[in-house]
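Single-structure report; data block below.
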Amino acid sequence: MSTQSIILTLDLLGVFAFALDGALTAIRTARVDIVGVMVLGVITALGGGIIRDVLLGQTPATFQDWRYLVTALAGGALAYFLSRQLRHLATPIQLFDAAGLSLFAVIGATKALEHGFGPLQAVLLGVLTGVGGGTIRDVLLNRVPVVLSANSRLYAIPALLGAGVVVLADTVGLGSVWFAVAGALLCFSVRVLSLRYRWNAPLPPGAPPA
Amino acid sequence: MSTQSIILTLDLLGVFAFALDGALTAIRTARVDIVGVMVLGVITALGGGIIRDVLLGQTPATFQDWRYLVTALAGGALAYFLSRQLRHLATPIQLFDAAGLSLFAVIGATKALEHGFGPLQAVLLGVLTGVGGGTIRDVLLNRVPVVLSANSRLYAIPALLGAGVVVLADTVGLGSVWFAVAGALLCFSVRVLSLRYRWNAPLPPGAPPA
Amino acid sequence: MSTQSIILTLDLLGVFAFALDGALTAIRTARVDIVGVMVLGVITALGGGIIRDVLLGQTPATFQDWRYLVTALAGGALAYFLSRQLRHLATPIQLFDAAGLSLFAVIGATKALEHGFGPLQAVLLGVLTGVGGGTIRDVLLNRVPVVLSANSRLYAIPALLGAGVVVLADTVGLGSVWFAVAGALLCFSVRVLSLRYRWNAPLPPGAPPA
């Protein structure tokens, strides 16, 4: 399996996870019909990658390769038909979201490095790719985005760590697809651990208690 | 009249309809001054086309041809001065919105095909172009977008049908400006009929009653 | 000092002012942790310029030059550590916001002219660059954007005047960096005076009293 097809596979996995996440979040937090479920699944799934590719000055992969859209639609449809089973479970949504975040953060950073971006900018693009889809989801659902909320445990920090591993490996000349996988696993683990053990980032000095 | 100038005319009609729609929606749902009315009219009118052109990798038509901006400003200004008459009428807003949706869905799909996008992606870009301006309008007004709300009757589905006609005609080798007009009429009719007869898309299985 | 480096300096000043503004607004209006403060600072600071460069068809300056991101991070970090002192003061936030608005409006218009945009479109791009960052900030904080609110005094109008000075000077053949500075000062003055003397733009005819 070539590096290119490993990256495509991981990218499509991220699309599928975020499609499930976006569609289930829509079902859980708003009164949406089948169109709303599918639209929100597709936008959550493809939003981060579209932002990434527009900022890289490329035609978004979504519009060049039909597998992205089909994968996103499949995720949305699965969520729609399983909604009765999954509606009351917050955990699957959080795991799908963590998976999407992790895969997109490392792929965003990888693509930025391929396009000659500097290390700092590559990390930023990785984080933007990771948090972009979920942020659009929350804005459309009229909620404060997870990435900004002090009650959402760690969200941008795991993405930063995952993208950071990729960029660091590249900087010291070790760039390979295995560091992308390691970065994604690190991001996923830190996100899930922060949910499990209620880790929070520090509040500004003088912030009122909750 | 060449195909190009028919498309430009339809595009400007869509801009005008969405400018009226965005400006009247602003007046009706929020306390906005003349600047807010004009800004929201212009953004609703030009947002979908800007998204479309950025995703196509082009300088947005808005910035290449002054007629787009002047048309949008004219629509906003007309809404401002007619606001006393139109304030309490929901119907004109809905008709302008349906017209913008229809014209932008077929033009978005047409432009995507011209740029060599696949059929699925062309339909997606058509729908995005159609619903983009109104979605930005609703996000800026801090409302759940029409496209996601189960109480808004059919919205994305008419756009899907309109863009679908254009793409289908092109796929079977019948691409012509008349299919764009037919697609727009189909989209407009389905949208207006769904408002009139309160058609809704199905809710997810197990969704609570309204 | 070359024109290019004067523009870069002004651009970075705008980034710094908007980073302070976005971060302090986050601290003041929502319960955000250090990540939320930094993210909102960076997005407010870089959002307008990214929109500008994407619409110009360029790789955003943010991703080409690390000084943008470092400046934005520095502004966010300063706001975080000074939040106890600045939390209850609305005035500094408003001044930083006015500075960012002014600098970005004139730089956006200047870059649009350099890329051959027409005068009307250059003014539009200047206003979009100026109001873009703050609008994303408000959308993410789930507020009606300042640019749309009738209670926010003049906001888009100063940006329009500032961008207008630059475009007018260029149209009559006087384009120079000093007109950019003059435009920024005009924008800043009108914004601050409108806050001080509670100037408002007219409401639509027949609008209900506050």
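Residue numbers start from 1 in every chain, and the chains themselves are labelled A, B, ... in the order their sequence lines are given, proteins ahead of strands.
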- request: Heavy-atom distances under 4.5 Å only: say whether B/Ser152 touches chain A with side chain, backbone, both or neither.
  value: neither

field: Portion of B/Leu160 that has a non-hydrogen atom of chain A nearer than 4.5 angstrom
entry: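 Contact with chain A is absent: no heavy atom of B/Leu160 under 4.5 Å.
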
message: I need the minimum non-hydrogen distance between B/Gln121 and A/Gln64, along with the two atoms involved.
response: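 Looks like NE2-C, 3.8 Å.
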
field: Taking every non-hydrogen atom, the tightest pair across A/Tyr80 and B/Pro205
entry: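 Where A/Tyr80 meets B/Pro205 most closely, the heavy atoms are O-CD, 3.4 Å.
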
At a 4.5 Å cut-off on heavy atoms, which part of [X] comes close to chain B: side chain, backbone, both, or neither?
X: A/Gln58; result: neither
X: A/Leu73; result: neither
X: A/Val54; result: side chain
X: A/Asp65; result: backbone

Intermediate values then yes/no, side-chain contact (heavy atoms from CB on, under 4.5 Å), B/Leu124 and A/Thr62: CA-CA 10 Å; B/Leu124 176 66; A/Thr62 302; 4.1 Å; yes

message: I need the residue from A/Leu141, A/Leu140, A/Val35 with the largest number of non-hydrogen atom pairs under 4.5 Å to chain B.
response: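 The residue among A/Leu141, A/Leu140, A/Val35 with the greatest pair count is A/Leu140.
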
- request: Between chain B and each of A/Val70, A/Ile43, A/Asp33, count heavy-atom pairs under 4.5 Å; write down the option with the most.
  value: A/Asp33

message: If you count every heavy atom of other residues, nucleotides or ligands that lies below 6.0 Å from B/Trp178 atom CH2, does the total exceed 12?
response: no

message: Determine whether a donor-acceptor pair (N or O, by modelled atom type, separation under 3.5 Å) exists between the side chain of A/Asn142 and the backbone of B/Asn142.
response: yes

message: Please report the interatomic distance CG(B/Leu128) to CD1(A/Ile50), rounded to the nearest 0.5 Å.
response: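 The CG atom of B/Leu128 sits 6.5 Å away from the CD1 atom of A/Ile50.
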
query: What's the spacing between A/Phe63 CZ and B/Leu125 CG if we round to 0.5 Å?
result: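 Going from the CZ atom of A/Phe63 to the CG atom of B/Leu125 covers 5.0 Å.
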
Passing candidate, side-chain contact (heavy atoms from CB on, under 4.5 Å) with A/Arg31, options B/Val144, B/Leu148, B/Leu203: B/Leu203

